[in-house]
Amino acid sequence: MVHSALLVAALLPIAAQAANDWNTPCFGECNWDITDGNGSGTLRLLGSQTGVSDLTTAAGWTILDCDPNVADQDIRLVCHDPDAGCDHVNQNGAEGTLVRLPTSCGSVPFALVTRMWVHQDQKIPASKRALIMRRDGSQPTVKGISLATDFAAVDPDVNGNVTLFLQGSSIPGVAGNFTVTPPTGVAAAKRGLFSWIGDTLKGLSEVHKNITGSSPINFEKDVPLFDQSFSCPQNGAVPAFSGEAKVDLNGKVDGTVSYGVAAAGSIIPPKLDEFGLFVGLDTTVTGTLGLDATLTGSISSGKIPLFETGIPGLDFPKILSIGPTFSVNAEATASLDANLNVDVDLAYTIAGAQLFFPPSSNPAGSYKPGDSNLKLSVSPNVTSHGQVAAHLIPSLAFGVDVLSGAAKATINLDVDASAGVDLSLSAVAEAATGTDGKSAGASFGGCVDVTTGLAVTAGADASLLSFFDKSTSVDLFTKTFDLFKKCFGDNPARRAYTGRAARAALMAKRDSVGCPSSLFGTAASVVEEAVPAGR
Ligand SMILES: *[C@@H]1O[C@H](CO)[C@@H](O)[C@H](O)[C@H]1NC(C)=O
Ligand SMILES: *[C@@H]1O[C@H](CO)[C@@H](O)[C@H](O)[C@H]1NC(C)=O
Ligand SMILES: *[C@@H]1O[C@H](CO)[C@@H](O)[C@H](O)[C@H]1NC(C)=O
Ligand SMILES: *[C@@H]1O[C@H](CO)[C@@H](O)[C@H](O)[C@H]1NC(C)=O
Ligand SMILES: *[C@@H]1O[C@H](CO)[C@@H](O)[C@H](O)[C@H]1NC(C)=O
């Protein structure tokens with residue numbers, strides 16, 4: 001009873017300070033904080049007294065020679081204060097002990113001792129002599145230690161497992177604001193891992209709400225997605241002419257992103273048991289899709305990469321690193337048999353979005369379409385069905401590398417902003433008279449239906465854990481907005497040509513762009529208007 005009460009207490013969220021204390025030796029349990037560079041984070045290692053020790057001044061050690069930029073290396077050190085506990089590292093033999101290193105030594109916070117010996121070079125630099133010499137004037141022995149980071153080479157049966165808990169944020173300087181601390185004590189470490197991950201991510205997402213320091217994600221580019229010209233030969237009554245199908249997208253992404261991570265597992269043996277990532281996103285995604293075509297057929301641009309850049313990563317050296325990238329892709333499809341000019345705006349605002357992976361049921365945040373403009377001109381005297389769709393897809397990819405490759409995955413978050421135009425036109429007899437007096441004239445009629453859509457999807461490209469299946473792809477948010485719907489002219493058979501199946505049939509019918517069999521009339525404007533958000 002007393003036991004379980006203690007365990008519960010150990011797992012309770014309490015206000016945390018930076019966890020690493022350089023003034024106290026860490027024996028059996030060590031912490032490490034990311035305090036400079038990108039992001040912030042805390043790592044806790046829990047092991048046995050013989051498995052985890054300390055080579056910092058807090059444990060009485062002074063390191064003489066050590067390269068701060070290398071992980072695996074031989075170092076020289078002396079025990080300047082045996083009372084502080086230098087000898088702790090030798091319990092059950094120094095070999096195979098995981099040790100904390102001072103920041104001035106090595107590129108990693110923790111390394112394994114693979115050998116310890118009396119160094120043949122006993123020289124102590126003059127600058128360190130005053131600190132190191134014993135009171136009786138004798139000089140302590142200079143030791144040599146070989147450090148390594150191949151954690152898989154350690155036999156866990158010798159000193160037991162070393163458990164790890166890790167939490168990190170992309171925002172620098174907030175490690176002291178983490179509201180959930182890692183469990184402490186070997187027994188506590190065995191319980192409640194899953195809820196600890198969840199609580200940590202929730203705590204981090206709350207902290208992020210109050211703190212600025214997100215990384216910018218920006219993109220602006222006018223890109224041709226498709227451009228194909230044809231020389232159409234004379235075909236009966238249709239004279240030779242040159243045709244063109246051209247799709248371009250002027251896209252813009254303007255936002256900020258932050259993220260947080262929690263992981264639990266063991267460093268000895270190297271193994272990840274639980275992992276979670278949260279992403280905070282505020283962004284606008286805007287753009288204008290332009291299509292000009294005088295041809296008949298269908299166009300599919302495929303997914304076109306427009307842009308890619310790194311955003312600041314988070315690195316717990318040799319233990320866990322996250323290297324995120326921000327990229328933008330675009331895609332356009334069109335099926336047409338008319339002379340068509342379309343300009344349609346994409347406009348979305350994503351505010352305060354908090355997305356969790358593994359996914360939680362309801363991602364927080366607001367996802368709203370903005371004002372749009374629509375321009376549409378078509379040749380008036382053909383019977384035609386047309387479809388145009390464009391996607392602008394900003395993506396975040398989080399490459400995760402755990403324990404030097406013990407687990408690896410990329411977690412993707414795609415924000416797919418799309419706009420689609422469905423058009424149906426019917427040519428009518430010249431004798432038909434218009435009654436509504438629309439600019440489109442009365443000699444033809446039709447309907448146009450413009451929809452925009454936003455889909456936020458998360459996925460992982462490799463099995464990081466059992467629940468991160470390779471095929472995992474989860475829709476976090478999906479919504480279609482009916483932006484604009486209008487019929488014009490006076491054809492009674494007007495009906496927008498919509499639906500997935502109808503579109504697929506249209507795409508399948510023709511697989512490339514070609515010359516029309518009859519001449520299209522000059523495109524006339526049928527729609528030109530601003531469409532306010534929420535219409
Ligand atoms: C911060 O992240 C950027 C981009 O990933 C990287 O170029 C830079 O070296 C990092 N800085 C530090 C101190 O790690
Ligand atoms: C040590 O770790 C291994 C692998 O995770 C696990 O199977 C084993 O039960 C652990 N041993 C102890 C004593 O916790
Ligand atoms: C973070 O912690 C610092 C120091 O403890 C405090 O001054 C600051 O207000 C905290 N920030 C937030 C957003 O809680
Ligand atoms: C964030 O700010 C709100 C309102 O100021 C406060 O109630 C809350 O405790 C803060 N959360 C954290 C984690 O600092
Ligand atoms: C469409 O109109 C153009 C110009 O007015 C004409 O040359 C063409 O033959 C017409 N096409 C059809 C299919 O009626």
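Just follow the structure's listing: the first ligand is 1, and inside any ligand the first atom is 1. Please read these numbers as outputs of a predicted model, since none were measured by experiment.
Set against the non-hydrogen atoms of K271, the atoms of ligand 2 under 4.0 Å away are 4 (C), 5 (O).
Checked by atom type, the side-chain pair N161/S266 shows no donor-acceptor distance below 3.5 Å. In the model, S107 has no side-chain atom that pairs as donor or acceptor with a side-chain atom of N69 under 3.5 Å. For the residue pair Q49 and H88, a side-chain donor N or O sits within less than 3.5 Å of a side-chain acceptor on the partner.
Contacts with ligand 2 closer than 4.0 Å are made by side-chain heavy atoms of P269 only, the backbone lying farther away.
Residue S266 places no N or O, backbone or side chain, under 3.5 Å from any N or O of ligand 2.
Ring geometry for F316 versus W32: interplanar angle over 60°, hence perpendicular rather than tilted (30 to 60°).
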